**Q** 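Quick one: the structure is below, and I'll ask about it shortly.
Everything quoted here is computed from the prediction, not taken from an experiment.
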Amino acid sequence: MDGIDGTLLSLALFLIATFGAALVAGLAGFAFGIVAAAIWLHVITPVETASLIVGFGLIVQGVAVWKLRNALDWRKLWPFVAGSAFGVPLGVAILDWTNPAHVRAGIGVFLVLYALYALARPKMQPVASGSLRDAGVGFLNGVLGGVTGFAGIVVTIWSGLRGWPKDVQRAVFQPVGVATFIMCAAWLGGTGAVSVQAVELFLLGLPFLLAGTWVGLTLFGRLDEEGFRKIVLALLLVSGLALLGLGR
């Protein structure tokens with residue numbers, strides 16, 4: 001296979017990374033692209049990596065949102081989605097007049113410091129909020145998504161600060177992340193250049209993706225609230241480090 005240089009080792013690494021990234025996303029509700037790209041970029045092209053993150057990412061998130069459908073509360077969701085709808089265009093516009101690497105580095109520093117602080121101290125007291133404040137958080141989430149492609153991190157942090165149970169947190173930040181991701185893709189526009197190799201890799205990886213998602217969702221059901229909080233914070237730390245790497 002040309003897209004993965006035809007070696008059995010490269011194909012195995014691709015499939016293992018697909019399973020692992022899906023497991024993490026099923027468990028925590030985000031970070032599929034971060035985990036997958038860390039290995040994929042060593043065995044497939046950046047264009048194929050981006051295409052597969054879009055295709056696989058939407059499947060993983062869609063399955064997880066469907067699994068959590070009974071916990072969805074549209075009264076909680078709409079301010080975040082509405083805010084993101086206004087934030088995404090600004091985030092995309094920022095790419096035209098500023099250095100994206102500097103923006104990513106600054107956000108990466110914030111995520112690293114926040115995650116380390118939250119991991120080092122006891123659980124914080126819940127933050128009070130309302131629809132207007134939630135819409136503001138959604139706006140910042142949209143801006144960050146437009147600049148970096150990390151479409152749900154701000155809402156993920158905010159859901160934790162609100163002190164919601166883990167099921168409620170995921171039923172908020174995951175669908176908002178999906179909606180923001182779709183909006184980012186629409187604003188950025190597609191090139192339409194999906195290679196034959198990317199399609200082949202998609203079909204090969206799909207069973208591993210679904211298996212990893214199932215395992216991750218199963219493990220999520222066994223997590224207590226504190227365990228979920230620590231996993232989310234650890235992945236936010238990894239996200240920040242990834243952004244710092246991209247910012248160099």
Side-chain angles (χ1 to χ4, degrees), residues 17 19-36 38 57 60-77 79-80 107-130 133-134 136-138 140-141 144-145 148 150-178 180-181 211-244:
F19 177 86
L23 189 156
V24 169
L27 177 63
F30 68 107
F32 175 84
I34 298 168
V35 176
V60 171
Q61 299 293 345
V63 169
V65 169
W66 175 255
K67 183 85 172 177
L68 297 167
R69 65 190 182 279
N70 293 329
L72 297 181
D73 185 346
W74 296 106
R75 292 171 299 178
K76 284 187 172 72
L77 289 174
F80 296 111
I107 296 168
V109 169
F110 167 76
L111 289 177
V112 168
L113 292 177
Y114 169 79
L116 289 175
Y117 171 74
L119 284 168
R121 59 161 291 167
K123 186 178 178 181
M124 305 175 192
Q125 291 298 315
V127 174
S129 186
R133 189 176 294 183
D134 288 345
V137 171
L140 294 176
N141 186 76
L144 179 62
T148 67
F150 289 2
I153 284 183
V154 177
V155 177
T156 299
I157 293 173
W158 187 244
S159 297
L161 291 175
R162 291 294 303 274
W164 289 329
K166 64 187 180 73
D167 288 333
V168 175
Q169 289 186 48
R170 283 195 59 163
V172 171
F173 72 67
Q174 199 149 19
V176 171
V178 172
T180 306
F181 187 79
T213 302
W214 179 81
V215 173
L217 288 171
T218 301
L219 293 175
F220 169 73
R222 299 176 182 176
L223 274 179
D224 60 17
E225 299 292 341
E226 183 61 18
F228 180 73
R229 186 183 80 90
K230 289 180 178 178
I231 286 175
V232 168
L233 289 172
L235 289 173
L236 288 173
L237 176 60
V238 172
S239 300
L241 293 173
L243 282 173
L244 288 173

**Q** Quick one, L233 and L237 - any side-chain contact, counting heavy atoms below 4.5 Å?
**A** no

**Q** Within the distance-only criterion (no hydrogens, no angle test), does the side chain of K166 pair as donor or acceptor with the backbone N or O of G227 below 3.5 angstrom?
**A**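 A pair under 3.5 Å: no.
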
**Q** Look at the aromatic rings of F228 and F173 and report parallel, tilted or perpendicular, splitting at 30° and 60°.
**A**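 Correct class here is parallel.
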
**Q** Ignoring hydrogens and geometry, is there a side-chain-to-backbone donor-acceptor pair from Q169 to W164 under 3.5 Å?
**A** yes

**Q** Going through the distances and angles, do N141 and L144 end up as a side-chain contact (heavy atoms from CB on, under 4.5 Å)?
**A** CA-CA 5 Å; N141 186 76; L144 179 62; 5.7 Å; no

**Q** Look up atom CG in L77 and atom CD in Q174, then write down how far apart they are to the nearest 0.5 Å.
**A** 11.5 Å

**Q** Please report the interatomic distance CG(D167) to CG(L223), rounded to the nearest 0.5 Å.
**A**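 The CG atom of L223 is 10.5 Å from CG of D167, to the nearest 0.5 Å.
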
**Q** Please walk me through it: do V168 and R162 pass side-chain contact (heavy atoms from CB on, under 4.5 Å)?
**A** CA-CA 10 Å; V168 175; R162 291 294 303 274; over 6 Å; no

**Q** For S129 versus W158, what's the shortest heavy-atom pair and its separation?
**A**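 Between these two residues, the closest heavy atoms are OG-CZ2, 3.5 Å.
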
**Q** Please find the pair of heavy atoms, one from A21 and one from V35, that lie closest to each other, and give the distance.
**A**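 Result for this residue pair: CA-CG1, 3.7 Å.
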
**Q** How close do A171 and P175 get, heavy atom to heavy atom, and via which atoms?
**A**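 Where A171 meets P175 most closely, the heavy atoms are O-CG, 3.1 Å.
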
**Q** Tell me whether R69 contacts the main-chain N or O of W66 through its side chain, where contact means a donor paired with an acceptor under 3.5 Å.
**A**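 Confirmed, R69 side chain pairs with W66 backbone.
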
**Q** Just wondering, do T180 and V155 contact through their side chains at under 4.5 Å, heavy atoms?
**A**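 The answer is no; the side chains never approach within 4.5 Å.
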
**Q** Taking all non-hydrogen atoms of both residues into account, name the closest pair between V172 and S159 and its distance.
**A** CG1-OG, 3.9 Å

**Q** What is the distance from atom CZ of F110 to atom CD1 of I157, rounded to the nearest 0.5 Å?
**A** 5.0 Å

**Q** Write down the atom of P79, the atom of D134, and the distance for their closest heavy-atom approach.
**A** CB-CB, 3.8 Å

**Q** Apply side-chain contact (heavy atoms from CB on, under 4.5 Å) to V65 and L72, showing your working.
**A** CA-CA 8 Å; V65 169; L72 297 181; 4.2 Å; yes

**Q** To the nearest 0.5 angstrom, please state how far the CD atom of E226 sits from the CD1 atom of I231.
**A** 10.5 Å

**Q** R170 side chain to L27 main-chain N or O, any donor-acceptor pair under 3.5 Å?
**A** yes

**Q** If you look at every heavy atom in A25 and F32, which pair is closest and at what distance?
**A** CB-CB, 3.8 Å

**Q** Walk me through whether Y114 and L111 qualify under side-chain contact (heavy atoms from CB on, under 4.5 Å).
**A** CA-CA 5 Å; Y114 169 79; L111 289 177; 5.6 Å; no

